[in-house]
Number of protein chains: 4
Amino acid sequence: MGSLRQRSGRSGRPGRARDASDTDARTRILDAAEKLFAGVGYEATPTAEIARLAEVPKGLVFHYFPRKIDVLVTLIDERTLVEESPEVEAVPGDAAGTLSRLARRLPLSASPAMRRILFREADTHGSVRDRLGRLNGEIIRRARFALELALPTRRGDAARLEVAAVTFAAVLLYQENLCQLTGHHIDPDAVAELIAHALG
Amino acid sequence: MGSLRQRSGRSGRPGRARDASDTDARTRILDAAEKLFAGVGYEATPTAEIARLAEVPKGLVFHYFPRKIDVLVTLIDERTLVEESPEVEAVPGDAAGTLSRLARRLPLSASPAMRRILFREADTHGSVRDRLGRLNGEIIRRARFALELALPTRRGDAARLEVAAVTFAAVLLYQENLCQLTGHHIDPDAVAELIAHALG
Amino acid sequence: MGSLRQRSGRSGRPGRARDASDTDARTRILDAAEKLFAGVGYEATPTAEIARLAEVPKGLVFHYFPRKIDVLVTLIDERTLVEESPEVEAVPGDAAGTLSRLARRLPLSASPAMRRILFREADTHGSVRDRLGRLNGEIIRRARFALELALPTRRGDAARLEVAAVTFAAVLLYQENLCQLTGHHIDPDAVAELIAHALG
Amino acid sequence: MGSLRQRSGRSGRPGRARDASDTDARTRILDAAEKLFAGVGYEATPTAEIARLAEVPKGLVFHYFPRKIDVLVTLIDERTLVEESPEVEAVPGDAAGTLSRLARRLPLSASPAMRRILFREADTHGSVRDRLGRLNGEIIRRARFALELALPTRRGDAARLEVAAVTFAAVLLYQENLCQLTGHHIDPDAVAELIAHALG
DNA sequence: GATGAATGAGGGTTCATTCAT
DNA sequence: GATGAATGAACCCTCATTCAT
């Protein structure tokens, strides 16, 4: 379900061990929503169902999240993090390996369910779309940066490098999103190798 | 189902000019749904709104399409066509150009609105997902075929060629789908050139 | 489906052999309605379903029967007949046997389906209720008459005989109706014997 | 489910006199449904009408009874009770009187409206049919038991006694149901006397 | 006469949201 | 703060009935 960033354990005394039923109501609501939104989608999830799964009274959902959309926004807000620090470990001379490493660790802290939500609900609310856009931008930026560092000389103009970065980002996102729909798989490592070869 | 389109002007005398109110009610319903589904999505479109936009009474929508989902399914069925004939014009020695031409004419007969629906509602119904999967498969098949023909010799193994095909398909779909969400643009020609270079 | 009292074979030339698809549309509509009303009830039967089963266009149902209720009324009218002639074969001295014979041949010409309709839809329309009432009355009348003839002397006052007649009618009607609901069976012959014994 | 009745006056201060608008919304809904179902039948009663008569918003009906049929089922469940204890007061030697007493107090706790519903809607739902079947069975059982006790000696075989019990049950149920339809009345006392005479 | 498209008034049901307790 | 009854606007869908052809 991803890291929950427990909000101080409203219901348990500090220092006490935490078990499922002890988790704070707000967290349980978000957990439930995450599972449901990922499974059947935001629109198809009634708030009452969230409350039921979270084992909290229906009114409490609206106590914490005045509008239903706030649950989604909060989920995106608290449970997806696009890492925008420029920490890219690029190995000069190894463009393919550098891209592979990027593929292996997307600059995105989010559970699989949250990733699903991020793609599936991009149409639902601006904040989700923004987050997805930021993720895309960050991947491109990292890919670009990695390639710049990794490539021996500035062989090939900057434009081609940009295309390579964008293409790689497309593949990574595609892998998470449309692959699920179409059933086709892509091996990011192979793509990394292909791109490195194109630029090499 | 199958292609209709030749339902023609039941309501107009032959030879008369056709305007909106002259077309088939069923066609007007599909037109309205196409516009609305593309704009705000299937779930967010009430059937009453479809009827209003189509200028038909609400009941008539259900006369033609017993369930709301049938409107979507019919739309996909009748207004998107994945061309699965192997007519790929590959120019030996010009992989980049061949891919570019493929990009310029996706094996998909569909209005921009229908394309949007195809991507946006892939989660909504299996038939949409299937169609999208078929499109993806066909693009990959064509890209592969084009590259096989275009490349001078079998330089590089078949696996790399496959990766190139899949990558190119990813980019094309990405362009139609996620680009819309993230705002990033890709120049398919540049990607074609990149890939050709990688294999060349 | 009971006797259909074919209305002159509108669709076939006279003298031609009749087969199912040859039956006149009005008759097929009534046949279909009889089956459906008996099966799921009048309210739960859409006229469209009648038309479908009858294999006639929907509009034709309303051509013959301007209102839906007219189908039911016509069915009752044409396909149930309460025989009100006083033809009761009573055997003096054999009250039990006389009642048994009455039980065996109710003064009602109607298919099992029509009987079901007669009971089930008694609430739906006055004409059905009337017919049922007439049937009940006729059974009582016959039972009374039979007993009067069958019993050796006027032992027991007229009141008791009346009670016996009414009771017997109740049992006969009950047998067709509530028995179906509760699953309990009654043997009319045994009741006849019981009543005869009570009066004997 | 089970018996409620003790939901009491959530909305009234203790000690206050209770009037219609003071009762539980759930109770008012059931009251309204009882009246309407008895009057025009289950199918012909829109839920909106129930809400109107109960003076509650339409949505509240579905808050308590997710499906319309649940209103009927609950009504049967909570407002009809078939007494299945074997408390039959039989007076030896007085079969007629014993049956009469049984007739006077059916083993059924239910308002006249609920009785009407019980008979009228036996086709509508299995639970209603079951309840009616149980009632019928209980009446038969009691009648049999009463006759066994009341009759001086085991004159007449058990079979005849069984027939008498079933007949009497038929008359009692018939009295409530078909009588209403046909307008014919039966005097249970007279039938009791008739049956007693038959067995005596 | 025969036909099926057209019509629109509900019907049951859902559900986000409010609010008194 | 916490709760679940209360609210009502929509929503999908049904269906008797009409009517132009």
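Since the model is a prediction, treat every value here as computed from it, not as a measurement.
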What is the distance, rounded to the nearest whole Å, between atom [atom1] of [X] and atom [atom2] of [N]?
{"X": "F62(A)", "N": "dA16(E)", "atom1": "CZ", "atom2": "P", "result": "6 Å"}
{"X": "E43(B)", "N": "dC15(E)", "atom1": "CD", "atom2": "P", "result": "10 Å"}
{"X": "R52(C)", "N": "dC15(F)", "atom1": "CZ", "atom2": "P", "result": "10 Å"}
{"X": "L36(D)", "N": "dG11(E)", "atom1": "CG", "atom2": "C1'", "result": "15 Å"}
{"X": "F65(C)", "N": "dT18(F)", "atom1": "CZ", "atom2": "P", "result": "16 Å"}
{"X": "I29(C)", "N": "dA2(E)", "atom1": "CD1", "atom2": "P", "result": "10 Å"}
{"X": "K68(C)", "N": "dT14(F)", "atom1": "NZ", "atom2": "P", "result": "15 Å"}
{"X": "E49(C)", "N": "dG4(E)", "atom1": "CD", "atom2": "P", "result": "16 Å"}

Checking contacts here: which listed nucleotide ([options]) is nearest the side-chain heavy atoms of [X]?
{"X": "P46(B)", "options": "dC11(F), dG4(F), dT17(E)", "value": "dC11(F)"}
{"X": "H63(B)", "options": "dA6(E), dT7(F), dC13(F)", "value": "dA6(E)"}
{"X": "A25(B)", "options": "dA6(E), dG4(F), dC13(F)", "value": "dA6(E)"}
{"X": "T47(C)", "options": "dG8(F), dT17(F), dC12(F)", "value": "dT17(F)"}

Complementary nucleotide of dT21(E), counting Watson-Crick and G-U pairs under 3.5 Å: dA2(F)
Mate of dA9(E) where both pairing distances stay under 3.5 Å, Watson-Crick or G-U: dT14(F)
Phosphate OP1/OP2 of dA6(F) contacted by Y64(D) side-chain N/O (<4.0 Å): yes
Distance below 4.0 Å between R67(B) side-chain N/O and dT14(F) OP1 or OP2: yes
P66(C) or P66(B), whichever maps to the more 5' nucleotide of DNA chain F: P66(B)
First encountered from the 5' end of DNA chain F, between P57(D) and Y42(B): P57(D)
Value rounded to 0.5 Å, distance of CG in D123(B) from CZ in R120(A): 4.0 Å
Residue of the set D31(B), T47(B), L53(B), I117(B) for which side-chain contact (heavy atoms from CB on, under 4.5 Å) holds with L36(B): L53(B)
Touch class at under 4.0 angstrom, heavy-atom based, for K58(D) against every strand present: base
Polar side chain donor-acceptor pair, T124(A) to E43(A), under 3.5 angstrom: no
Distance-only polar pair, side chains of T80(B) and R131(B), donor-acceptor under 3.5 Å: yes
Min side-chain heavy-atom separation Y42(D)-I69(D) under 4.5 Å: yes
Nearest-nucleotide 5' precedence on DNA chain E, L60(B) against I69(A): L60(B)
